[in-house]
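We name chains A, B, ... by the order of the sequence lines, and we start the count at 1 in each one.
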2 protein chains.
Amino acid sequence: MGLLSLGPMSGYEMRQMMEQSTTNFWTESYGQIYPALKSMVKDGLVTVEEQTGGVRAKKVYKITPLGERRLRRWLQVGAKPQAYRNELLLKIFFGDQAERGAIAAQVVAKREQLGEALQKYEAKVIWMETAFARHPAMPYWKMTARFGIAETKALIAWCDETLAELEKRGLVSRV
Amino acid sequence: MGLLSLGPMSGYEMRQMMEQSTTNFWTESYGQIYPALKSMVKDGLVTVEEQTGGVRAKKVYKITPLGERRLRRWLQVGAKPQAYRNELLLKIFFGDQAERGAIAAQVVAKREQLGEALQKYEAKVIWMETAFARHPAMPYWKMTARFGIAETKALIAWCDETLAELEKRGLVSRV
DNA sequence: TAGCACATGTAATAAGTTACATGATTTT
DNA sequence: AAAATCATGTAACTTATTACATGTGCTA
C-alpha cells in the first residue's frame with residue numbers, strides 16, 4: 001500500500017484518487033488507509049504535515065527517501081500469484097443442479113455488466129489521454145487500462161459463446 | 001460453500017476435489033470447510049454419518065432435501081460483483097517509479113506463468129473429456145474450463161503487446 | 001437551513017489463511 | 001523405521017469491510 005505516496009496527499013485524497021484511477025484493480029477502505037499511513041509514519045516511510053492554512057485542516061502525507069527506496073524494491077519483487085475467486089464460475093460448475101434457465105440468466109447478467117464495464121474503460125482511456133497527455137506515467141496507465149479492456153472483451157466473447165451453447169442445449173428459458 | 005454437498009463426501013475429500021476441479025476459481029482451506037460443515041449440519045442442510053467400516057474412520061456428509069433447495073436458490077440469485085485485486089497492475093501503474101527493466105521483468109514473469117496455466121487448462125479439458133465423458137454436468141464443467149482458457153489467452157496477448165510497447169520505449173533492460 | 005462534500009478516525013465484525021495438534025494407516 | 005497420505009479439527013493471526021462518531025464549510 002505504501003506506494004500511493006507518490007505525490008503528497010491526504011488520506012481522503014488517496015481514496016478519491018483510487019476511485020478514479022485504480023478502481024478496477026485496487027481499492028482500499030478508510031479502515032485500511034488511515035492505520036496504514038500511521039504505521040508508515042512510524043516506520044519513517046512517510047512524513048505528515050498538518051495543513052491548517054487551506055480551506056480546511058488536513059494532514060498531508062509525503063514520501064521520504066526511505067519510502068522511495070522501499071517502493072522501488074517492491075516494484076522489483078514478483079507479485080505472488082493470488083488465488084482469485086469467481087462466484088459465477090462456481091455457480092456454473094454446479095449448473096446441473098440449477099433450475100432451467102437459471103444459469104443462462106447468470107451469464108446474461110454478467111454479459112451486461114461486462115458491456116457496461118467495457119464502455120466505462122474505453123471512456124476513461126479517452127479522458128486520460130486528453131487530461132494527462134504528457135504525464136510521464138501515462139504509458140503505464142494506458143497499459144493497465146488496456147489490460148482491463150482486453151480481459152473484458154475476452155470475457156464478453158466467452159459469454160456469447162456460452163449462451164450459444166446453452167441455447168443449443170435448450171437450457172435457456174426463453175419466450 | 002454449502003454447495004459442495006452434491007455427492008456425499010468427507011471434508012477431506014471436499015478439499016481434494018476442489019484442488020482437482022475448481023482450483024482455478026475457488027478454493028477453501030480446512031479452517032473454512034470444517035466449521036462450515038458443522039454449521040450446515042446445525043442448520044439441517046446436511047447430515048453426517050460416522051463411517052467406521054472403511055479403511056479409516058471418517059465422517060461422511062450428505063446433503064438433505066432442504067440443502068438441495070437452498071442450493072437451487074443460491075444458483076438463482078445473481079453473483080454480486082466482487083472487487084478483485086491485481087498486484088501486477090498496481091506495480092505497472094507505478095511503473096514510472098521503477099528501475100529500468102523492472103516492469104518488463106514483471107510482465108515476462110506473468111507471461112510465463114500464464115503460458116503454464118494455459119497448458120494445464122488444456123490438458124485438464126482433455127482429461128475431463130475422457131474421464132467423465134458422459135457425466136451430466138460435463139457441459140457446465142467445460143464452460144468453466146473454457147472461461148479459464150479464454151481469459152488466459154487474452155492476457156497472454158496483452159503481455160506480448162505490453163512487452164512490445166515497453167521495448168519500443170526502450171524500457172526493457174536486455175543484453 | 002438542510003444536505004452534501006471534505007476530512008479523520010475507531011470499533012465491531014467478517015472472512016480467510018496458517019500453523020499446529022493429533023493419530024491411524026500405508027508405502028518406501 | 002521413516003515418510004507420506006488420510007483424516008479431523010482448533011487457535012492465532014491477518015486482512016479487509018462496514019458502520020459509526022465527529023466536525024467543518026460550502027451550496028442549493
Side-chain angles (χ1 to χ4, degrees), chain A residues 1-5 7-20 22-43 46-62 74 79-87 89-90, chain B residues 1-5 7-20 22-43 46-62 74 79-87 89-90:
Chain A
M1 244 255 4
L3 39 136
L4 284 171
S5 315
M9 64 179 84
S10 68
Y12 189 83
E13 286 169 314
M14 279 171 72
R15 185 85 208 272
Q16 300 314 95
M17 268 201 74
M18 278 195 263
E19 215 121 281
Q20 271 208 351
T22 67
T23 283
N24 47 127
F25 58 87
W26 209 271
T27 48
E28 303 276 0
S29 57
Y30 290 124
Q32 293 278 115
I33 292 171
Y34 286 116
L37 283 170
K38 213 176 242 180
S39 105
M40 286 193 292
V41 169
K42 212 186 66 192
D43 295 349
V46 296
T47 51
V48 218
E49 210 185 310
E50 213 101 4
Q51 210 183 66
T52 38
V55 187
R56 204 181 271 95
K58 64 178 172 179
K59 294 184 183 177
V60 177
Y61 293 86
K62 212 179 137 186
W74 176 78
K80 57 173 181 291
Q82 52 225 298
Y84 95 120
R85 288 174 166 197
N86 189 323
E87 203 179 323
L89 287 188
L90 193 60
Chain B
M1 243 258 359
L3 39 135
L4 284 171
S5 315
M9 65 180 83
S10 68
Y12 189 83
E13 286 170 312
M14 278 171 72
R15 184 86 209 273
Q16 301 314 94
M17 268 202 73
M18 276 195 265
E19 214 122 280
Q20 269 207 354
T22 66
T23 283
N24 46 127
F25 57 86
W26 209 270
T27 49
E28 302 276 1
S29 57
Y30 290 123
Q32 293 278 115
I33 292 172
Y34 287 115
L37 283 170
K38 211 175 244 180
S39 105
M40 284 192 294
V41 169
K42 213 185 63 192
D43 295 348
V46 297
T47 52
V48 218
E49 208 186 309
E50 213 101 2
Q51 210 182 66
T52 38
V55 187
R56 203 181 272 94
K58 64 179 174 178
K59 294 184 182 176
V60 177
Y61 294 86
K62 211 178 137 187
W74 176 78
K80 58 173 181 291
Q82 53 225 296
Y84 96 121
R85 288 174 166 199
N86 190 322
E87 205 181 322
L89 287 188
L90 193 59

What is the separation between atom [atom1] on [X] and atom [atom2] on [N], rounded to the nearest whole Å?
X: Met14(B); N: dC6(D); atom1: CE; atom2: P; answer: 17 Å
X: Gln51(A); N: dT24(D); atom1: CD; atom2: P; answer: 19 Å
X: Arg15(B); N: dG9(D); atom1: CZ; atom2: P; answer: 16 Å
X: Tyr30(B); N: dG16(C); atom1: OH; atom2: P; answer: 18 Å
X: Glu19(B); N: dT5(D); atom1: CD; atom2: P; answer: 12 Å
X: Leu37(A); N: dT10(C); atom1: CG; atom2: P; answer: 12 Å
X: Gln32(A); N: dA15(C); atom1: CD; atom2: C1'; answer: 13 Å
X: Met18(B); N: dG16(C); atom1: CE; atom2: P; answer: 12 Å

Any side-chain N or O of [X] less than 4.0 Å from the OP1 or OP2 oxygen of [N]?
X: Ser10(A); N: dT8(C); answer: yes
X: Arg85(A); N: dT17(C); answer: yes
X: Tyr12(B); N: dT8(D); answer: no

Can you name the nearest heavy-atom pair linking Gln51(B) to Val60(B), along with the distance?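 Closest approach of Gln51(B) to Val60(B), heavy atoms only: NE2-CG2, 3.7 Å.
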For the residue pair Glu87(B) and Trp74(A), what are the closest heavy atoms and their distance?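 Looking at all heavy atoms of both residues, the shortest contact is OE2-NE1, 3.9 Å.
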Side-chain donor/acceptor of Arg15(A) to backbone N/O of Ser29(A), under 3.5 Å: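 Here the side-chain-to-backbone pair does not exist.
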Determine yes or no for a side-chain-to-main-chain donor-acceptor pair under 3.5 angstrom, with Thr47(A) supplying the side chain and Tyr61(A) the backbone.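 No, the answer is negative, given that no donor and acceptor are paired below the 3.5 Å cut-off.
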Find the distance between OH (Tyr34(A)) and NZ (Lys38(A)) and round it off to the nearest 0.5 Å.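 Those atoms lie 11.5 Å apart.
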So, taking the atom named OG1 in Thr23(A) and the one named CE in Met17(A), what distance separates them when rounded to the nearest 0.5 Å?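 Result: 11.0 Å between the selected atoms.
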Between Thr27(A) and Lys59(B), just flag the one whose closest nucleotide in DNA chain D comes earlier from the 5' side.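 Nearer the 5' end of the strand: Lys59(B).
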Along DNA chain D (nearest heavy atom to each residue), the more 5'-positioned of Pro35(B) and Gln16(B):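 That would be Gln16(B).
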Count the heavy atoms of every other residue, nucleotide or ligand shown that sit under 6.0 Å from CD of Glu49(B), and state whether that count exceeds 12.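 It does not: Glu49(B) CD has 12 such atoms or fewer within range.
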Strictly under 4.0 angstrom, non-hydrogen atoms only: write out the protein contact profile of nucleotides 21-28 of chain C, one letter per nucleotide from the 5' end, B, S or -. ---BBS--
Proximity to the side chain of Lys38(A) - top-ranked nucleotide from dA16(D), dG9(C), dT8(D):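 Nearest listed nucleotide: dG9(C).
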Would you mind classifying the nucleic acid contact of Gly11(A) as base, sugar-phosphate or nothing, using non-hydrogen atoms under 4.0 angstrom?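 If one applies the 4.0 Å heavy-atom cut-off, Gly11(A) turns out to touch the sugar-phosphate alone, with no base involved.
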